[in-house]
Visitor: 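Would you mind keeping the following structure in view while I ask a few things?
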There are 2 protein chains.
Amino acid sequence: MFGLHQLRCFVAVADHLHFGQAASQLNMTQPPLSRQIQLLEREIGVPLFDRTSRSVRLTPAGRVFLPEAKRILRLSESAMKWTRRVWRGEAGTLRIGFTAASGYGMLPGLIRQLRGIMPNVDLVLREMVTRLQIEALDSGVLDLGFMRPSVDLRRFAVREHATEAMVVALPAGEATTAPPALPVSDLQDRPFIMYSPDNALYFHDLVTALLDEHQVQPKVVEQVGQIHSMLALVDAGFGAALVPETAARLHFPAVAFRPLADGASPPVRLNAVWRDENDNPALARFLAQAGLDQVGT
Amino acid sequence: MFGLHQLRCFVAVADHLHFGQAASQLNMTQPPLSRQIQLLEREIGVPLFDRTSRSVRLTPAGRVFLPEAKRILRLSESAMKWTRRVWRGEAGTLRIGFTAASGYGMLPGLIRQLRGIMPNVDLVLREMVTRLQIEALDSGVLDLGFMRPSVDLRRFAVREHATEAMVVALPAGEATTAPPALPVSDLQDRPFIMYSPDNALYFHDLVTALLDEHQVQPKVVEQVGQIHSMLALVDAGFGAALVPETAARLHFPAVAFRPLADGASPPVRLNAVWRDENDNPALARFLAQAGLDQVGT
DNA sequence: TTGATCGATGCGTGGATCGGATCGATGTTC
DNA sequence: GAACATCGATCCGATCCACGCATCGATCAA
């Protein structure tokens with residue numbers, strides 16, 4: 001098969017229709033250029049030029065081959081440039097997982113930030129619970145995950161990405177008689193919607209610890225795994241719930257939000273998690289730009 | 001710049017993820033294959049494989065480069081095959097000129113014939129008068145022309161492609177009283193539409209010679225260069241005209257056609273004309289298939 | 001007829017690529 | 001856990017290829 005160098009020789013001769021000028025453009029002398037053209041013609045099995053000692057003309061076959069040769073050379077250049085950009089993290093794909101709750105708050109800003117840092121990187125965004133994100137990071141399906149703290153994160157690189165407070169979600173009817181900020185004790189004996197320990201272990205433990213600490217025992221009327229299910233139940237008047245404050249962005253008509261009094265809320269943590277051995281340069285570039293690439297746990 | 005051989009090496013390794021197997025597929029040994037991959041990586045400036053002594057994996061940059069490399073190789077193959085087909089006359093472009101009058105009769109059949117012989121050859125068909133066709137053949141704009149005899153054809157290869165008879169075109173009103181076949185003498189003193197010596201020299205000379213031979217002098221009411229203009233005038237009742245019989249395919253409602261009696265019509269000749277030095281293989285292929293490629297004037 | 005131009009060809013050299021042998025690292029097996 | 005097998009990297013000598021220089025042969029101009 002012919003080589004790219006022969007294609008460059010061919011294009012130069014076809015453009016100049018003059019071996020000497022083409023050779024000097026290619027920084028070589030005329031004899032090897034003639035040789036390369038002959039080799040190319042022998043390889044294809046077709047004469048590409050009609051040449052006398054006084055004139056050089058393209059044959060019809062040469063006229064057909066010329067744009068193909070230029071296309072191949074153009075593709076080779078662009079393949080190289082594109083690959084280099086991927087290597088520098090300026091192009092490529094970044095696959096990101098996030099929990100449903102984190103999507104309400106930080107996702108739009110994160111996407112804006114990524115678009116600003118790496119406008120040519122394709123983003124693949126998948127909502128997954130923490131456990132599934134861990135598996136996906138392991139198998140290489142995800143480059144980066146935004147998830148709740150978990151004991152299984154020890155083999156990964158973890159940075160705290162955001163913290164927020166919990167707020168009380170109340171049925172609108174009960175909110176009219178409630179003070180601007182609620183002490184935890186206000187939940188005592190209230191109808192209360194709790195997190196499921198199966199699908200929302202982190203929030204379950206967080207709320208359980210908060211209630212235990214204040215020795216408060218609400219009347220648990222339901223256990224659910226997803227925050228929007230929880231708010232739907234509040235909206236229907238089944239009871240109150242504790243949700244991260246960014247969940248207030250979900251506009252349920254019959255739900256009112258009240259902060260906890262005295263800064264009683266524990267911080268709800270969201271971690272950025274990735275594999276240290278991940279070789280996606282787009283990930284490295286994002287971590288560097290976001291200041292997350294220092295060594296640590 | 002990298003070479004196509006390096007791309008083939010890269011694709012083989014990427015497909016097998018194993019240097020030894022890739023090398024045997026490429027009919028080479030493992031050491032030079034390792035070298036080629038290293039050279040390619042150095043050329044691009046990007047590692048394409050993550051390799052330990054136990055495993056070979058593509059880097060993200062390599063994953064991007066792989067489809068590009070395959071595309072370049074595919075394009076190179078197809079460019080070579082396509083160029084070979086053009087060389088054999090099985091593909092490419094054939095530019096054909098024809099006079100307006102010849103288009104009425106032989107063009108559809110010619111196109112069918114060409115499609116049968118060379119289904120992958122693009123046909124460019126241009127209606128041009130004989131003089132313009134000669135110039136176009138000279139400058140290489142046309143490969144083949146269908147034109148009337150002319151003294152300027154000596155430097156070209158010429159074959160008689162078709163002959164036909166002249167017929168009389170009569171206004172429909174006059175046709176009812178005319179016999180089935182008209183002697184030339186019938187034109188004596190008739191209103192008659194003549195060919196212009198500027199734009200239709202061949203027909204002008206042909207008709208003039210015919211009339212002179214029979215010592216007939218019609219009343220020339222108009223001189224025009226195009227046959228459809230001529231029939232339009234007959235249709236409008238201005239007079240009679242002599243036209244090639246295939247012109248009867250132009251359906252003018254008030255025009256009737258009558259043959260000349262006694263085979264008095266001179267043959268109207270149509271030549272196929274081309275440059276002997278023309279190197280378009282599609283032309284050579286057509287000439288060979290049509291049996292026109294024997295030597296001669 | 002002479003000289004200039006231009007692509008093709010002969011030839012010697014230097015660099016690139018090849019295959020064989022071997023190294024070093026890693027995972028497997030008993 | 002020590003011997004073994006596997007696999008990519010590296011070293012080295014032989015070969016091949018592409019380069020430049022010199023020259024040839026054909027063509028066109030003066």
Side-chain angles (χ1 to χ4, degrees), chain A residues 1-59 61-63 65-66 69 73 76 276-277 279, chain B residues 1-59 61-63 65-66 69 73 76 276-277 279:
Chain A
M1 168 82 83
F2 54 79
L4 291 182
H5 185 224
Q6 287 162 9
L7 293 188
R8 254 187 300 277
C9 291
F10 169 72
V11 170
V13 175
D15 283 346
H16 288 86
L17 292 179
H18 189 291
F19 278 70
Q21 295 171 21
S24 74
Q25 179 200 304
L26 293 166
N27 291 319
M28 61 196 294
T29 54
Q30 171 261 324
L33 178 57
S34 286
R35 292 300 199 123
Q36 293 300 330
I37 298 295
Q38 290 167 13
L39 286 175
L40 180 60
E41 288 176 322
R42 175 181 308 181
E43 182 63 38
I44 304 181
V46 172
L48 300 172
F49 292 106
D50 259 339
R51 36 198 191 278
T52 70
S53 59
R54 303 306 293 178
S55 76
V56 176
R57 293 186 314 129
L58 276 169
T59 63
R63 263 190 294 278
F65 191 66
L66 178 58
L73 290 174
S76 302
D276 257 332
E277 311 85 42
D279 56 359
Chain B
M1 168 85 82
F2 54 79
L4 290 182
H5 185 222
Q6 287 163 6
L7 293 188
R8 253 187 301 278
C9 292
F10 169 71
V11 170
V13 174
D15 283 346
H16 290 84
L17 293 179
H18 190 291
F19 278 70
Q21 295 171 20
S24 74
Q25 180 201 305
L26 294 166
N27 290 319
M28 61 196 292
T29 55
Q30 172 260 324
L33 178 57
S34 285
R35 298 300 288 269
Q36 293 300 330
I37 298 295
Q38 289 168 12
L39 287 174
L40 179 60
E41 287 176 323
R42 174 179 309 183
E43 181 64 36
I44 303 179
V46 173
L48 300 171
F49 292 106
D50 257 340
R51 38 198 190 276
T52 69
S53 59
R54 302 306 293 178
S55 76
V56 176
R57 293 185 314 128
L58 277 168
T59 63
R63 264 190 293 278
F65 191 65
L66 179 59
L73 292 173
S76 302
D276 256 332
E277 312 84 42
D279 58 358

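Residue numbering restarts at 1 for every chain, and letters A, B, ... go by the order of the sequence lines. Note that the structure is predicted; figures quoted are calculated from it, not measured.
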Visitor: Under a 4.0 Å heavy-atom cut-off, which of residues 37-45 of chain A touch DNA chain D?
Guide: A:Leu39

Visitor: In residues 51-58 of chain A, what residues come within less than 4.0 Å of DNA chain C, judged by heavy atoms?
Guide: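 Within this stretch, A:Arg51, A:Thr52, A:Ser53, A:Arg54, A:Val56 sit under 4.0 Å of the strand.
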
Visitor: Strictly below 4.0 Å, heavy-atom distances to any atom of DNA chain D: list the hits from residues 9-33 of chain B, or just say none.
Guide: B:His18, B:Phe19, B:Gly20, B:Gln30, B:Pro31

Visitor: So which heavy atom on B:Leu73 is nearest to which on B:Leu4, and how close?
Guide: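 So the minimum-distance heavy-atom pair works out to CD2-O, 4.0 Å.
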
Visitor: Show the numbers, then the answer: is there a side-chain contact (heavy atoms from CB on, under 4.5 Å) between A:Cys9 and A:Leu40?
Guide: CA-CA 9 Å; A:Cys9 291; A:Leu40 180 60; over 6 Å; no

Visitor: If you round to the nearest 0.5 Å, how far is CE of B:Met28 from NE2 of B:His5?
Guide: 4.5 Å

Visitor: Give me the atom names and distance for the closest heavy-atom approach of B:Gln25 to B:Ala12.
Guide: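 In terms of heavy atoms, the two residues are closest at NE2-CB, 4.2 Å.
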
Visitor: Would you grab the first and last nucleotide of DNA chain D (5' to 3') that comes under 4.0 Å of any non-hydrogen atom in chain B?
Guide: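 Contact span on the strand: D:dT6 to D:dT10.
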
Visitor: What pairs with A:Asp15 under salt bridge (charged side-chain N to carboxylate O under 4.0 Å, His left out), at least two apart in sequence or on another chain?
Guide: A:Lys70

Visitor: Apply side-chain contact (heavy atoms from CB on, under 4.5 Å) to residues B:Leu48 and B:Ile37 and explain how you reach the verdict.
Guide: CA-CA 8 Å; B:Leu48 300 171; B:Ile37 298 295; 5.8 Å; no

Visitor: Atom CG of B:Leu26 and atom NE2 of B:His16: how far apart are they, to the nearest 0.5 Å?
Guide: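 Rounded to the nearest 0.5 Å, the CG-NE2 separation comes to 8.0 Å.
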
Visitor: Could you state the interatomic distance from CD (A:Glu43) to CD (A:Gln6), rounded to the nearest 0.5 Å?
Guide: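 If we round to the nearest 0.5 Å, A:Glu43:CD and A:Gln6:CD are 7.5 Å apart.
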
Visitor: Determine, step by step, whether A:Leu58 and A:Phe49 satisfy the side-chain contact (heavy atoms from CB on, under 4.5 Å) criterion, reporting the C-alpha distance in whole Å, the side-chain angles of both residues, the deciding distance to 0.1 Å, and the verdict.
Guide: CA-CA 4 Å; A:Leu58 276 169; A:Phe49 292 106; 3.5 Å; yes

Visitor: Under the side-chain contact (heavy atoms from CB on, under 4.5 Å) criterion, do A:Arg63 and A:Leu66 qualify, and how do the steps go?
Guide: CA-CA 5 Å; A:Arg63 263 190 294 278; A:Leu66 178 58; 6.0 Å; no

Visitor: In chain order, what residues pass the ring pair (Phe, Tyr, Trp, His ring centres under 6.0 Å) check against B:Phe65, with sequence neighbours excluded?
Guide: B:Phe2, B:Phe10

Visitor: Taking all atoms of both residues into account, what is the closest heavy-atom pair of A:Arg57 and A:Leu17, and its distance?
Guide: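 That closest heavy-atom pairing would be CA-CD2, 4.3 Å.
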
